Amino acid sequence: MEGVEPDTVSILNLAPAVSRLEDIGCCKSIHGYVIRRSICGVVLNSLIDMYSKCGEVHLARRIFDRMQVMDDDVSWATMMAGYVQNGCYFEVLQLLDKMRYKNVKTNKVSVINALLAAAEMRDLERGVEVHNCALQMGILSDIVVATPVVSMYAKCGELKKAKELFLSLEGRDLVAWSAFLLALVQAGYPGEALSMFQEMQHEGLKPDKVILTILVSACAKSSNLRLGKSMHCYAIKADMESDTSTGTTLMSMYTRLELFTYAITLFNRMQNKDVVVWNTLINGFAKYGDPRLALEVLHRLQLSEIQPDSGTMVGLISACAILDYLDLGTCLHGSIEKRGFEFDIHSPVFALPSMCCYTAAGGGNRKKPR
DNA sequence: GTAGGGTTAG
């Protein structure tokens, strides 16, 4: 960028690139340039988006609050999207109130983000309000708007309404289907999700990675191993098995259905193992298999470059509970209280599992490993 | 310029 004076157009081009890099330093230098040149107007919307995508939503809000064009509906929608991206759902609904008060018009994007926030807040009343608003605006025929409406009803416990609405939609695509199938699984109807999947196939749609993860988790939850295996075959044929998320869900299904050899094979075959992959195996052994193996996997995790997190702890603590490893359990507990879940891999806590076979409290009558 | 879907554990 040396010697080049970026103008407004350049800022519009630069901001999305910086967002992808999530480089806060770049954000600030662009922002500084904007201030020095007294650039104002709608170009600042891209700065709101940029800061939000870099996780600095309070800085985005500062720009939003200082903007002159407070009646620009895109500014409001961008700010709302920023809050959703950062999990600040309450603030989205606050903005919605303020918009109404100031008579700013709602647009498709503000409606979508208000729906997402209402869903996460489990605020059915606000959700219905925004749904009605979408109806009045005549934008409900747009699948991009209708999909979050379906999710909102499902998350607020109105599964019947969600289903009714989903089935009335025209032009259901994979995203709409995934929202609906997930709603069924999360509401505790994995079997129904699997039968609705047949319906999806009749519409000529083929599952992508996202749908596949939902379906595999549905197979696990409904103990449908036959279908689960056929999903696995599909994943292999569609070259999705090596995908970390898909592989994780498959591993989880196999541990849940106690096919540990399958899970381990998948684990060993996986190229990019993140902490979730490790946790899945640890938790799988702890909950459905031999908890001593969970501790063994932990030992291997220590030798890798991956940092354990709170999900790792969940499996370890339950393994300690089953094995009556009171000393180790107490130690982990103390460490959690003291340091939260930010563990250093070199922490002595993580050296304990390898020697805990010598310190097992024993004597308990709880479930023992086979 | 802003915009709808996912996996582990609990």
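Below, all heavy atoms of this structure are taken into account, side chains as well, without hydrogens, waters or symmetry copies. By convention in this document, chain letters (A, B, ...) are assigned in the order of the sequence lines, proteins followed by strands, and residues within each chain are numbered from 1. None of these values were measured; they are calculated from a predicted model.
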If I take atom [atom1] in residue [X] and atom [atom2] in nucleotide [N], what distance separates them, rounded to the nearest angstrom?
| X | N | atom1 | atom2 | result |
| --- | --- | --- | --- | --- |
| A/Ile322 | B/dG10 | CD1 | P | 10 Å |
| A/Gln85 | B/dG4 | CD | C1' | 13 Å |
| A/Met231 | B/dG6 | CE | P | 18 Å |
| A/Tyr51 | B/dT2 | OH | C1' | 18 Å |
| A/Asp208 | B/dG5 | CG | P | 13 Å |
| A/Ile214 | B/dG5 | CD1 | P | 11 Å |
| A/Arg61 | B/dT2 | CZ | P | 20 Å |

Verify, without hydrogens or angle tests, whether [X] (side chain) and [Y] (backbone) share a donor-acceptor contact under 3.5 angstrom.
| X | Y | value |
| --- | --- | --- |
| A/Ser178 | A/Val175 | yes |
| A/Arg172 | A/Leu167 | yes |
| A/Tyr83 | A/Leu95 | no |

For a quick check of understanding: with a heavy-atom distance under 4.0 Å over all strands, which category does [X] fall into, base, sugar-phosphate or nothing?
| X | result |
| --- | --- |
| A/Ile282 | nothing |
| A/Asp142 | nothing |
| A/Val314 | sugar-phosphate |
| A/Asn279 | base |

Residue-level proximity of residues 171-186 of chain A to DNA chain B when a heavy atom falls under 4.0 Å |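 Nucleic-acid contacts, sorted: A/Asp173, A/Leu174, A/Val175, A/Ala176, A/Ser178, A/Leu182, A/Gln186.
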Near DNA chain B, which residues from residues 234-255 of chain A have a heavy atom under 4.0 Å away?
->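 Heavy-atom contacts with DNA chain B come from A/Asp243, A/Ser245, A/Thr248, A/Thr249, A/Ser252.
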Tabulate below the donor-acceptor pairs under 3.5 Å that side-chain atoms of residues 211-225 of chain A make, not counting sequence neighbours, or state none.
residue: A/Thr213; atom: OG1; partner: A/Val210; partner atom: O; Å: 2.6
residue: A/Ser217; atom: OG; partner: A/Ile214; partner atom: O; Å: 2.9
residue: A/Ser222; atom: OG; partner: A/Ala218; partner atom: O; Å: 2.8
residue: A/Asn224; atom: OD1; partner: A/Leu227; partner atom: N; Å: 3.1

Report the C-alpha distance between A/Leu159 and A/Tyr189 in whole Å, list the side-chain angles of each, state the deciding distance to 0.1 Å, and finish with yes or no for side-chain contact (heavy atoms from CB on, under 4.5 Å).
-> CA-CA 10 Å; A/Leu159 197 65; A/Tyr189 303 102; 3.5 Å; yes
Search all heavy atoms of A/Met270 against all heavy atoms of A/Thr248 and return the closest pair with its distance.
->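 Nearest pair, atom of A/Met270 first, then A/Thr248: CE-N, 4.0 Å.
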Quick one: do the A/Ser110 and A/Asn107 side chains pair a donor with an acceptor below 3.5 Å?
-> yes
Short side-chain donor-acceptor distance under 3.5 Å, A/His232 and A/Tyr262 |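 Checked: A/Tyr262/A/His232 side chains show no N/O donor-acceptor pair below 3.5 Å.
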Taking A/Tyr153 as the fixed residue, which of A/Glu164, A/His131, A/Lys161 is the one that meets the side-chain hydrogen bond (donor to acceptor under 3.5 Å, both in side chains) rule?
->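 Only match with A/Tyr153 under side-chain hydrogen bond (donor to acceptor under 3.5 Å, both in side chains): A/His131.
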